[in-house]
Amino acid sequence: MGRQGCSLPTAAHATSVCRRGREKPLVSLPKFPICPPNPSHHGAAAAASLAAVTAATPAGGGMVRLVPRPPLARLRSPPPPAFPLPLLPAPSLAATLLDAISASPSFPHLRHLHALIVRLPLPPTSLTFLLSRLLRRLAAVPLPQLPPLSYALNVFSSVSPPDPFLAAALLRFAFLTAAQSRFLLLLPFRVFSRLRRDHGAGLPFLPYAFSTLAKSAAASKSLPAAAAAHAVSVLVGGFDRHRFVENSLIGAYVACGDVGAARKVFDEMVVKDVISWTSIVVAYSRSGDMGSAEEVFGRCPVKDMVAWTAMVTGYAQNAMPVKALQVFDRMTALGMVIDEVSLTGAISACAQLGVVRRAAWVQEIAERNGFGNNIVVGSGLVDMFSKCGFIDEARTVFDGMQEKNVYTYSSMIAGLASHGRASEAIDLFKEMVNRANVEPNHVTFIGVLTACSHAGMVGEGRYYFAQMKDKYGIMPSADHYACMVDLLGRAGLVDEALDLVRSMTLKPHGGVWGALLGACRIHGKGEIAKVVAEHLFKLEPEAIGNYVLLSNILASAGKWDDVSKVRKLMRKQRLKKDPAVSLFEGRDGLVHQFFAGDNAHPRTQEIKKALLKLVAKLKLEGYVPILNSIVYDVNDDEKERLLMGHSEKLALSFGLLTLGSGSTIRIIKNLRICDDCHLFIRLVSRVESVEIVVRDNMRFHHFKNGECSCGGFW
DNA sequence: TAGATACCGT
């Protein structure tokens, strides 16, 4: 129990279950406070580090022309000012100008204000304060009108002697504009170098200047830049014991993936605050080392909402959803407020678990607090409902979202694909690129290709695979190849799929070979399977599924000698197959768990009796058990007996007993549904007039009127 | 100066 880390949850993820007579609700619904929605190490070394970083920065199309010009010379027919001309005493004048800066909608307005400010008789502190605010506002002007760096340098040069406060504001301007244009992310380093060259020791720097350099290093994920920011902050700034700067440096090292360097700065800090602690926790969450994250979090003396949230999202990102929800519950029990970010972590955990009641509770929190308008929360809800089996609810959330981005579309497309609604997924992709003008990325195409694969749409799949590269400039990754191999292989084009793998310039990973092995299973290609499996066993020696799959393929072909060889190999590797298990959530919210051949449920006699009756009824309708689905060398009677003990049949029988005709029965299974159970459930949906939704380890099957949404492609 | 979402095969 407690296995974590598969793409869809196993039964073990349920927080509590009904088994061996022990009944507990799946989840309790705690009460907690909700916050209101948000309103909206030496001189030469330092120089060398800095030179390395600035040299690594590509030349920037004239943006770094550091030739100051008098601001007035740039004035060209300014528009009429949208504010009253200041005829007030000096303090009020500064206040009026500040209001005017905040309210200025465009670069021309701000330019006009700049001209005005430098002409007015303002005290020096007011002047630098206003100009720094002006720089901040200038950096927020949307891209087409975004002022060039040369203009910001003019602002800086408006004041003499050079002012440290304005220098920090100038660096921040460089950072913000570079971030906005996603170009020249290391621009602040260039500006810093220039300021050093022009003013030398005549211009001291404030700590904020170095935190901006650290931020710029973090944004560019450049470890040399982080090291350079570190070096100059100590050697030029003398800030080797400044908490603010140290925290920024930790953040930069974390963003660049150097946990060791981050930890070194942290360990050497004399005074640590919650931000220092949280940064280290995050460093371990991101590197997948939740054990160390737990240890550091445990030692953190004062924990705030952000620190707690870092743990929730850390667990969620590392496929430990049960722990994520436990931490989320603890933080709410302690009276911490919940905001969009912490809720996003809980949503992700619910999506991984597929727990319906908990998901509904999370949505209620989101709606009650207006978080539903948040694009990240909304996208998360779409994903969550899809993974809980409620594709229509996912679509409702999606349609209700005012703003959608590539995550929102990709979640919805992948959701539709996993529910077998391929044409809807393709239509949505077309809407995304043609009407909404949202640029697809590599993840979007995984969803599109999966949709094609699950519906046998070979032509469409080939078309989008080509379009991805030719139209959108996205080079296919091994994952995209895995989708294509799956698509071709399922459709029976196993040889073509093998050719595609052999033509790859990228090294095929387990996903690619695994898809091919799956195709061999469907189409009974025992000989190819053996070759494919060899690649897989080398790449993933401990992935039990590969051995089981090969063994099953060989068993279906009656090659029992080969089967025993594979089983021997498994024993040698000390690998043991996961037992098959199905979960059924009753109307009362209790989760009932059934293992294959299980007699443990309190109502087992009733369940088996009902199942036998059901089998007899189906046989009258033409049902013939698919004995081939049993991969053991036993006689046909025994095969049929084993088939009738399959966990999803037990869960279905119990579902029918408790819910009855006309209802929707939802079953979660940890392994792939077998051919016989698939046929069986299809027939039950017709004969008993029920809808049955089964989530297997990869996707959803919606059974209705004798048909399944997967159309046989699973 | 710290915390956010989507994806392949078995």
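First the proteins, then the strands, lettered A, B, ... as listed; each starts at 1. Here the structure is a predicted model, which means the values were calculated and not measured.
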Kindly say if His509(A) contacts the phosphate of dC7(B), meaning a side-chain N or O under 4.0 Å from OP1 or OP2. no
Return the nearest nucleotide to the side chain of Phe244(A); candidates are dG3(B), dT1(B), dA2(B). dT1(B)
Phosphate-side-chain proximity, Arg490(A) and dT10(B), N/O vs OP1/OP2 below 4.0 Å: yes
Touch check for Leu549(A), heavy atoms < 4.0 angstrom, all strands: base, sugar-phosphate only, or nothing? sugar-phosphate
Tell me the interatomic distance from Trp308(A), atom CH2, to dG3(B), atom C1', rounded to whole angstroms. 14 Å
Checking dT1(B), dT10(B), dG3(B) against the side chain of Ser342(A) (C-beta onward), the nearest is dG3(B)
Base of dA2(B) paired with side chain of Ser279(A) (donor-acceptor, under 3.5 Å): no
Any donor-acceptor N/O pair under 3.5 Å between dA6(B) base and Ser411(A) side chain: no
Classify Ile544(A) by what it touches in the nucleic acid, base, sugar-phosphate, or nothing, heavy-atom distance under 4.0 Å. nothing
As a test of reading the structure: which of dG3(B), dT1(B), dC7(B) is closest to the side chain of Thr309(A), going by heavy atoms? dG3(B)
Minimum-distance nucleotide to Ser211(A) side chain [options: dC8(B), dT1(B), dA2(B)]: dT1(B)
Figure out the CE/C1' separation between Met412(A) and dC7(B), and round it to whole Å. 15 Å
Lys/Arg-Asp/Glu bridge criterion (N-O < 4.0 Å) met for Asp258(A), Lys264(A): no
Over how many whole Å does the gap from His535(A) atom NE2 to dT10(B) atom C1' extend? 17 Å
Across the strands shown, which category fits Ser248(A) at heavy-atom distances under 4.0 angstrom: base, sugar-phosphate, nothing? sugar-phosphate
Proximal nucleotide (of dT5(B), dA4(B), dT10(B)) relative to the Val341(A) side chain: dA4(B)
Side-chain N or O of Lys387(A) closer than 4.0 Å to phosphate OP1/OP2 of dC7(B): yes
Using atom NE2 of His480(A) as one end and atom C1' of dG9(B) as the other, report the distance to the nearest whole Å. 14 Å
Closest of dA4(B), dC8(B), dA2(B) to the Glu340(A) side chain is dA4(B)
Could you work out which one of dT5(B), dC7(B), dG3(B) sits closest to the side chain of Val282(A)? dG3(B)
Determine the contact category for Asn546(A): base if any of its heavy atoms lies under 4.0 Å from a base atom, sugar-phosphate if only primed atoms, P, OP1 or OP2 are that close, otherwise nothing. base
Please report the distance, rounded to the nearest Å, between CE in Met305(A) and C1' in dA2(B). 11 Å
Gap between atoms CZ and P, on Phe445(A) and dA6(B) respectively (whole Å): 20 Å
Would one find a side-chain N or O of Gln317(A) under 4.0 angstrom from OP1 or OP2 of dG3(B)? no
For Gly378(A), answer base if it contacts any base atom (sugar-phosphate contacts may also be present), sugar-phosphate if it contacts only those atoms, and nothing otherwise; contact means non-hydrogen atoms under 4.0 Å. nothing
Using a cut-off of 4.0 Å on non-hydrogen atoms, how would the nucleic acid contact of Thr344(A) be classed: base, sugar-phosphate, or nothing? base
Whole angstroms only, please: what is the CG-C1' distance between Leu381(A) and dA6(B)? 13 Å
May I ask you to check whether over 12 heavy atoms, not counting those of Arg330(A), lie within 6.0 Å of atom CZ? no
Arg286(A) side chain near dG3(B) phosphate (N/O to OP1/OP2, under 4.0 Å): yes
I'd like to know if Asp339(A) reaches the base of dG3(B) with its side chain, counting only an N/O donor and acceptor under 3.5 Å. yes
Which nucleotide in the set dG9(B), dA2(B), dC7(B) lies at the smallest distance from any side-chain heavy atom of Ala414(A)? dC7(B)
Any donor-acceptor pair, under 3.5 Å, between the side chain of Asp273(A) and the base of dA2(B), if you only look at N and O atoms? no
Does Phe210(A) have its ring centroid less than 6.0 Å away from the ring centroid of Phe244(A)? no
Take the protein atom CE of Met384(A) and the nucleotide atom C1' of dA4(B), then report the distance between them rounded to whole Å. 15 Å
Quick one: is dG9(B) close enough that its OP1 or OP2 comes under 4.0 Å of any side-chain N or O from Arg521(A)? no
Check every strand shown and say whether Ser276(A) touches a base, only sugar-phosphate, or nothing at a heavy-atom separation below 4.0 Å. nothing
Distance alone, cut at 3.5 Å: any donor-acceptor contact between the side chains of Asp676(A) and His646(A)? no
Indicate yes or no for a side-chain donor-acceptor contact from Asn318(A) to the backbone of Met320(A) under 3.5 Å, with no hydrogens or angles considered. no
Select base, sugar-phosphate, or nothing to describe what Gly380(A) touches, counting heavy atoms under 4.0 Å on all strands. nothing
Using a 4.0 Å heavy-atom cut-off across all strands, classify His242(A) as base, sugar-phosphate, or nothing. nothing
For the residue pair Asp479(A) / His442(A), report whether a side-chain donor-acceptor contact shorter than 3.5 Å exists. no
Between dT1(B), dC7(B), dA4(B), which nucleotide gets closest to the side-chain atoms of Thr313(A)? dA4(B)
Which pairs of donor and acceptor atoms, one on a side chain in residues 529-543 of chain A, lie under 3.5 Å apart (sequence neighbours left out)?
residue	atom	partner	partner atom	Å
Lys530(A)	NZ	Asp562(A)	OD2	3.2
Glu540(A)	OE1	Asn546(A)	ND2	2.8

List the atom pairs, donor and acceptor, that lie under 3.5 Å between side-chain atoms in residues 491-500 of chain A and the rest of the protein, sequence neighbours left out.
residue	atom	partner	partner atom	Å
Glu496(A)	OE2	Arg462(A)	NH1	2.4

Looking only at the side chain of Asn374(A) (C-beta and beyond, no hydrogens), which of the listed nucleotides dC8(B), dA6(B), dA4(B) gets closest? dA4(B)
Using a cut-off of 4.0 Å on non-hydrogen atoms, how would the nucleic acid contact of Asn552(A) be classed: base, sugar-phosphate, or nothing? nothing
